[in-house]
Structures are given as C-alpha cells and as structure tokens.
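Every value quoted in this text rests on a predicted model; they were computed, and no experiment measured them. In each ligand, atom 1 is the first atom listed, and ligand 1 is the first ligand listed.
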Amino acid sequence: MDGSVRDVAALQARCKEAADFIQDEAERGTEILVAGHNDADGLSSIGIVTGGLLDLGAKFIAKSVFRLEEFIDLMGKRDGGMVILVDMGSGSIHELRKVFGDRKFVIIDHHQPEAEDIGENWIHVNPHLFGIDGESEVSAAGVAYLVMRNITPNPHIYAPIAVVGSLGDLQDRGEKRKLFGLNEEIVSDAVEGRMLKVYEDFILYGRGSKPIHQALASTQSPYLPGLSGEEASCLSLLIEAEIEVRDGDKWRTIADLTEEEKTKLYNAIVSHLVKNNQPTEVVKDLIGTVYELVNEDVSSGLRDAREYAQLLNACGKTNNSWLGVSVAMGYRSWVLEEAQRVMEQYRTILKKSLEFASKNLEQMYNIMVLRVGPEIDVRQVSSIASILSSSKLIPVDKPLIVVGQEAGVVKVSARTSSKLVMVGVNLGTVMREAASKFAGRGGGHKIAAGAEIPADRLTLFLLEVDRLIGEALSRVKTQITLDDND
Ligand SMILES: [Mn+2]
C-alpha cells in the first residue's frame, strides 16, 4: 500500500466523495452512528465528525470503543442507518466487509490498511491508499477534518482539533517537535482561520495553566530524573535559579517567563541533570514547536494543543469519552470542568502506574515487557506504554510490550523507538502476525501497535514477539554486514 505514488489531490477527491455521501444521508434523515477509538486522536476525530453533523442538522449518535470487537458488538445491536468509523477499521477491512457489507459505511482512518476493498455504499478514506504516510504526516482527526471541511459551514473551528489529534498520536516528530507533511496544511488552515498560533518555546505540560514547578514536575515526556513527579525538587530548582515563582498572590506559569528567565530555567535543568549524572540531551526535547489555540481560556488547559490532547486521552481512557467528544465539538462550562477533574484523577493514577512500572519491568532477549496487574485499569495500558517508552527506562534498541488483562483477554500495547523503525522494525506487522498465531488480533503502526489475545496464550505470544523482533533485527545486522562488504 505504501508503495503507491503520493497523490494528495486523489486523497482530497476521496475525502470529497465521503463528504458527499455523508451529506446525502444526513439530508435524507438517516441516523448516523459515529464510532471510533477512545484515544485523543479518536475522540478528536469523533468530535470533528459529530460537530460537522450537528452543523448539518443530522441525526447521529457517537460512541467510542476500546477495541474493534466492542464496535462489532455494538453494531450487532443496531440495524440500518449509516456508520462512520474513525481511527480504526482499515486494518480489518475484510472482516468488517464480511459482517457489515450490506450497510452504508465510511471508514476514516490512518492505520496501515489491509486492503483498499471498497464496494457499493462503502467509502474507505486512508492516506496510505494515496502514497501518503498516515503514520507520521496525518492523523485520523486530520483526515476527518479533510472530509468534513467539504460540508461544514465552519471548517476553521475543526482545523485546530485535527492538530490536537495529530499531537495526541505523537506525530510531532519533525525537527523541533514540529508536525510535517499533510499536517502542515491543516496547521496553516487553523492559523489562517485565526484559531492557532505556532511558535518555538518550552513545551512543558501545563505551560500556560500550571505553576512553573508543577508544570516541570508534570513533564513525563521527556522523563526528567529527579524532577518528573517531584514538585518539591522542582520548586527548589526554581528558587536556586532565582526565578520568581509568584507574581503577588498568583503563581506564574512558563508562558509568563521572560526570555532571560527561560534561559535561566533551561540552564538550571541542564545543571541538575549533570549533577545527577544523567544525559543532558533530553533537555533539547523540552524546547519545541508550541501549538496554541488562541481562542481558549488561559486556565482551561485547552490553549496548549498537547495539553488538550492529554485531556481528551484521559477522558477516553477512563470511560468518559462523551466528555472528551463534547469538548472537541465545542462544548465548555460544566462539561469542561468535569473533563478537567477527570484529567487530574487520571494523572494521579498514571503517576502510580509509572512507579509500579519502574520496579516491575522484565527483560527478554529482544524486548522489554511490563505486565500490569488487576489494580491497573486495562484501558490505561496504551497510555502507560506511550509514557514509559519515552521515559529512558527503556533502551532505544528494545521495543516495549505492555500487557494488561481483563476477563480472560489480554490487551497488548507495543511501542518502539524511531531508531528501530528506521532500521526496519514494524510493530504493526509483528503484532498482527504474532496475534493471529494465537487466536488473537493485532496491528497498528510501525512505531506503536497493539493486540488482543486470549489470556492463556500470553507466554507463547510474548515468545513469538521476541522471536519476530529478533528476526527483524538480525535482518538488519545481515544487511549492514552486506553493505559493509560492498
Ligand atoms: Mn490515530
């Protein structure tokens, strides 16, 4: 699929086709089910689609799901209508076609597609089908925006939400943590619509909404040993660096700092790492491209697009997707307050999970494994994997596999470094192959993927993953040796 020639115009045409299909059904009064993944990108996608449907006066219901089976179950209880499935589905086209081939169906996804396979009343929108890398240069929310901007009267409202989705999927992998490729076009739409400002600065979590020491302590990506999770140490670091932490009775935020103070802060973090014998290059990851939603309240936690993405993710992973979707659609006041509360709770739980992880990581030949117990909600497995994989507890040359269990099913979340992807490791393929061997289902991106398997096959599954990764790495070694001989 990735082999096709890059053709943005053809993708836009497919988006338009999907938009016309959706608009026709909306005008006909068809009830539309919008379903998608319960992470930040998934909820952004659902928010963009349902927000657009609301603008059209369509009849719709929205639902986020944790995995594809949940969607299939949900569908079994419904008949007729139209389905818009976002941020999932491309990897299971054959199965979906088999079960729902007679429905009206739109898939808006950016995961590696199993096949193009569109039929009557089915439209499959996926950048990979047009030679565009959905893994790095556009998210499902981005694609949802490219579809909906054809039919909503307010496209500029949704452009920044697409940016939130892409950041939620960690696509800011350009230089200085910049979004690139197709994402750049969406960013310009948002900037032109006066919704977004883009500039370089500290990109600490809570940069505009939290006291500086709390923002510093909340930073998990990159993980700062001795500072991440340690508010008191962060406060003393600021005091030692002679940075004013308060302005009268108000705590100052990173956004309030002058250029000179920012330099002081940067240097103080570097010396802290040096003092603790830690590598200092992670500090570079603290500076990057800020995406600021200029119309959001300063204290809302929605002004910084990365923080916005974390809020959506927290809602999705705690069974509060409706809150996240409502926020993405544009609802505020008590809905936002509730979402913020969910977010704070979620961060506390996540912090505990990371402490657990740092003590319980297992090492296999080619992978690192973390088994989380019943005390950790299985919905958090993928968040733990994402945070942990950037935490320096994981060596760059070993993929991380996090597993959690619920009702006899093991939920697996895998992450690797861009270094291993560059040498040819493809976690999406590894998860798919290993899971299908043991009566499960898997897939995803090269850098981040997942699987679900029956609990009693876990050990065999992990051995198979370890073997497949080993195989991929040995291919690399052979290749390097061959190249050396050239
Ligand atoms: Mn996604």
Hey, are [X] and [Y] close enough for a salt bridge, meaning a charged N less than 4.0 Å from a carboxylate O?
{"X": "R6", "Y": "E137", "answer": "yes"}
{"X": "R332", "Y": "E337", "answer": "no"}
{"X": "E185", "Y": "R149", "answer": "yes"}

Q | S209 side chain to E307 side chain, donor-acceptor N/O pair below 3.5 angstrom | A | yes
Q. For the ring pair H445 and H111, is the centre-to-centre distance below 6.0 Å?
A. yes
Q.
E292 and salt bridge (charged side-chain N to carboxylate O under 4.0 Å, His left out): which single residue from K197, R303, R194 fits?
A. R303
Q. Under 2.8 Å from the Mn ion (ligand 1), how many protein N, O or S atoms can be found?
A. 4
